[in-house]
Amino acid sequence: MNQSPPEGGGLSEIGEERRRKAVELAARGVKPWGTDFHPTTSCRDAALNAPTEVGKQGLEVAVAGRLLRIRRSGGIAFADCLDESGGLQLLATRDTGVAFELLAQLDLGDIVGAEGKLTRTKAGEPSLSLDRLTLLSKSLRQPAAKHRGLVDPELRYRRRYLDLLSDPSRREIFRQRSAIVRALRGALEKRGFMEVETPILQPIPGGGEARPFVSHHHALDSDFYLRIAIELYLKRLLVSGFERVFEIGRTFRNEGLSPRHNPEFTLLEAYEAYGNLESMMDLCQALVGSAAEAAADCGAVPPEGLRRPFPRLKMVDLVLERTGFDALALWDQPSEVSARARELGVEFPATAGPGRILFAVYDQRVERELDQPVFVTGHPVEVSPLARRGDDPRFAERFELVVAGRELANAFSELNDPVEQRSRLMEQARLRDAGEAEAQPFDEDFVEALEHGMPPAGGIGLGVDRLVMLLTGAANIRDVVLFPTLRPAAGASTLRDTL
RNA sequence: GCCGCCAUGGCGCAGUGGUAGCGCAGGGGCCUUUUAAGCCCAGGGUCGCAGGUUCGAAUCCUGCUGGCGGCACCA
């Protein structure tokens with residue numbers, strides 16, 4: 001199948017009408033596209049600077065924006081011009097000449113440059129009385145219904161630009177996201193962390209438990225995987241002598257989509273040599289706190305309680321309290337552990353030991369009930385193959401920050417014992433061979449790096465999209481990702497044949 | 001991957017077995033202070049796609065495609 005666009009670009013009848021208008025305008029010397037224009041102010045500022053007295057002519061300005069409404073009334077015409085800052089009403093009368101004529105011929109969605117004097121109409125609307133109107137970009141397609149906007153969720157996500165265009169308030173959440181990410185970066189830099197960029201194409205997708213996307217490098221004739229985590233490369237950098245590094249970047253997991261899962265998502269990971277669980281809790285608190293502050297400064301209303309120290313609760317205690325499942329008492333009685341967990345309706349693989357079963361109970365029965373921010377600590381070593389053991393060797397020095405029933409961050413004192421790391425990853429490899437596709441693959445190069453000596457360190461991973469959801473009140477991850485992953489439109493999946 | 005719901009002009013919607021309609025947008029006209037401007041006129045849809053049932057299907061059935069929600073997996 002070929003990838004050439006259809007003849008005429010698939011324009012509707014109305015599109016053809018607009019194309020015809022563009023040709024006519026061009027024939028009369030009005031370029032439909034490509035004219036430069038330099039606004040002297042924004043629509044919002046222009047409106048603020050309009051004279052208060054009706055009919056009085058004020059400052060001379062130039063603004064540019066998109067025409068979203070045109071109202072003609074015989075010898076006078078009004079149009080609403082919208083730029084990023086807001087809107088300004090344009091006004092032209094028959095004696096304005098060329099500008100009036102042009103305004104009458106333009107369509108909703110066209111982008112114009114408008115020059116004239118600020119004034120105020122009888123209705124009290126700040127307006128720009130046109131001296132000159134310049135067509136900057138002819139729109140060949142109609143904007144969405146002017147008062148209902150775009151409602152169909154498929155269109156909203158597939159053509160996000162129309163979603164944002166038809167309802168400017170939908171842009172706010174992305175401004176807030178930008179402010180949040182800037183705050184995260186700022187908080188890290190303030191603490192001496194250096195931002196780095198590590199491979200997204202990885203020969204071995206390590207550092208997490210997830211199904212990766214696979215690709216192939218032709219010249220190297222090798223498979224590469226899109227990273228599922230950043231961890232193992234940042235730890236290599238700790239070996240290299242860098243002591244505080246972080247990366248905020250796209251990460252990919254080949255798993256189901258849901259209101260909380262997009263196949264590509266933004267992960268923040270930070271590693272601190274000579275840090276540990278405690279220093280990571282401090283950092284986590286600071287990151288969430290400054291992000292919440294930035295979001296609030298940008299008009300969001302983050303939940304209460306994100307600036308105060310989060311309580312710490314041990315996983316075993318939480319599980320005992322909420323389900324009556326006493327992991328410590330049952331630990332050495334394998335058949336009892338699995339029987340009690342099954343009674344609770346919890347599912348887990350047949351190969352699971354007591355730690356994995358405890359985690360399954362927590363994950364399936366407890367986590368979603370945790371509404372207020374809490375540091376859940378003491379994950380079983382069995383489910384923490386990259387974390388250091390705590391004083392009780394069954395549990396790792398690890399915490400997860402849980403808010404509104406969802407993991408927001410995951411951190412631990414990093415395992416820097418290469419001998420133990422080797423055997424833990426070998427165990428993961430055994431689980432893989434036993435059919436657990438999501439157990440971590442063995443990465444010899446990473447273990448070798450540890451053998452050169454990695455300083456004791458703390459590390460943290462934080463789900464940026466979910467943090468943005470929490471701080472902005474978005475219920476769906478698609479509302480905080482500009483272009484969420486969707487099934488390709490029909491006929492779009494044939495590109496591979498041509499590569 | 002499984003289950004449920006949804007798909008009607010460019011956009012937003014109505015139409016539950018009798019041959020498709022409304023608002024906005026678009027075309028023609030009137031109107032010199034409008035704010036989703038108003039008024040008049042004339043257009044625009046093989047009802048997501050493919051089959052089936054029926055004298056007759058937007059409507060009922062099956063399959064497919066796409067979306068949404070839930071489950072599973074996970075952040």
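Values in this document were obtained by computation on a predicted structure and should not be read as measured data. Quick note on labels: first sequence line is chain A, next is B, and so on, each numbered from 1.
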Both distances below 3.5 Å, Watson-Crick or wobble geometry, any strand: find the nucleotide opposite [N].
| N | value |
| --- | --- |
| B:rG26 | none |
| B:rA20 | none |
| B:rC71 | B:rG1 |
| B:rG66 | B:rC6 |

Exercise. Tell me what A:Leu155 touches on the nucleic acid: a base, only sugar-phosphate, or nothing, going by heavy atoms under 4.0 Å.
Key: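 Sugar-phosphate: the residue A:Leu155, judged by heavy atoms under 4.0 Å, touches backbone atoms but no base.
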For [X] and [N], give me the distance from atom [atom1] to atom [atom2], rounded to whole Å.
| X | N | atom1 | atom2 | value |
| --- | --- | --- | --- | --- |
| A:Arg156 | B:rA7 | CZ | P | 19 Å |
| A:Leu68 | B:rU34 | CG | C1' | 16 Å |
| A:Leu486 | B:rC68 | CG | C1' | 11 Å |
| A:Asp163 | B:rG12 | CG | P | 11 Å |
| A:Arg141 | B:rG26 | CZ | P | 16 Å |

Short N/O separations, protein against nucleotides 28-31 of chain B, under 3.5 angstrom:
{"unit_1": "B:rC31", "atom_1": "N3", "unit_2": "A:Gly74", "atom_2": "N", "d": "3.2"}

Using residues 343-352 of chain A as the side-chain source, report each donor-acceptor pair under 3.5 Å to any protein atom, sequence neighbours left out, with the distance given to one decimal.
{"unit_1": "A:Glu343", "atom_1": "OE1", "unit_2": "A:Arg340", "atom_2": "NE", "d": "3.3"}
{"unit_1": "A:Thr351", "atom_1": "OG1", "unit_2": "A:Glu436", "atom_2": "OE2", "d": "2.9"}

Quiz prompt | Phosphate OP1/OP2 of B:rG26: any A:Lys21 side-chain N/O under 4.0 Å | solution =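 Looking at the OP1 and OP2 atoms of B:rG26, neither is under 4.0 Å from any side-chain N or O of A:Lys21.
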Quiz item: Just to confirm, is there a sub-4.0 Å distance from OP1 or OP2 of B:rC73 to any side-chain nitrogen or oxygen of A:Asn254?
Solution: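 No.
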Quiz item: Of all residues at least two apart in sequence or in a different chain, which pass the side-chain hydrogen bond (donor to acceptor under 3.5 Å, both in side chains) check with A:Gln57?
Solution: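 With neighbours one apart ignored, the set is empty.
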Quiz item: Which sits closer to the 5' end of RNA chain B, A:Gln89 or A:Asp465, going by the nucleotide each is nearest to?
Solution: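 Between the two, 5'-proximity favours A:Gln89.
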Quiz item: How would you list, by chain and number, every residue that makes a side chain to side chain contact (heavy atoms under 4.5 Å, CB included) with A:Glu84, sequence neighbours excluded?
Solution: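 Listed in chain order: A:Arg171, A:Arg175.
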For residues 370-380 of chain A, which side-chain donor-acceptor pairs fall under 3.5 Å, sequence neighbours excluded?
{"unit_1": "A:His379", "atom_1": "NE2", "unit_2": "A:Glu400", "atom_2": "OE1", "d": "3.0"}

Quiz item: Can A:Lys138 and A:Asp107 be counted as an ion pair, charged N to O under 4.0 angstrom?
Solution: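 Salt bridge flag = yes for A:Asp107 with A:Lys138.
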Quiz prompt | Result of checking A:Asp479, A:Thr472, A:Asp465 against A:Arg177 for side-chain hydrogen bond (donor to acceptor under 3.5 Å, both in side chains) | solution =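 Only one of A:Asp479, A:Thr472, A:Asp465 forms a side-chain hydrogen bond (donor to acceptor under 3.5 Å, both in side chains) with A:Arg177, namely A:Asp465.
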Self-check item: Set of residues satisfying ring pair (Phe, Tyr, Trp, His ring centres under 6.0 Å) with respect to A:Phe446, sequence neighbours excluded
Solution: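 Result, ring pair (Phe, Tyr, Trp, His ring centres under 6.0 Å) vs A:Phe446: none returned.
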Exercise. Would you mind telling me which of B:rC71, B:rG27, B:rU35 lies closest to the side-chain atoms of A:Asp107?
Key: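 Within the option list, the nearest is B:rG27.
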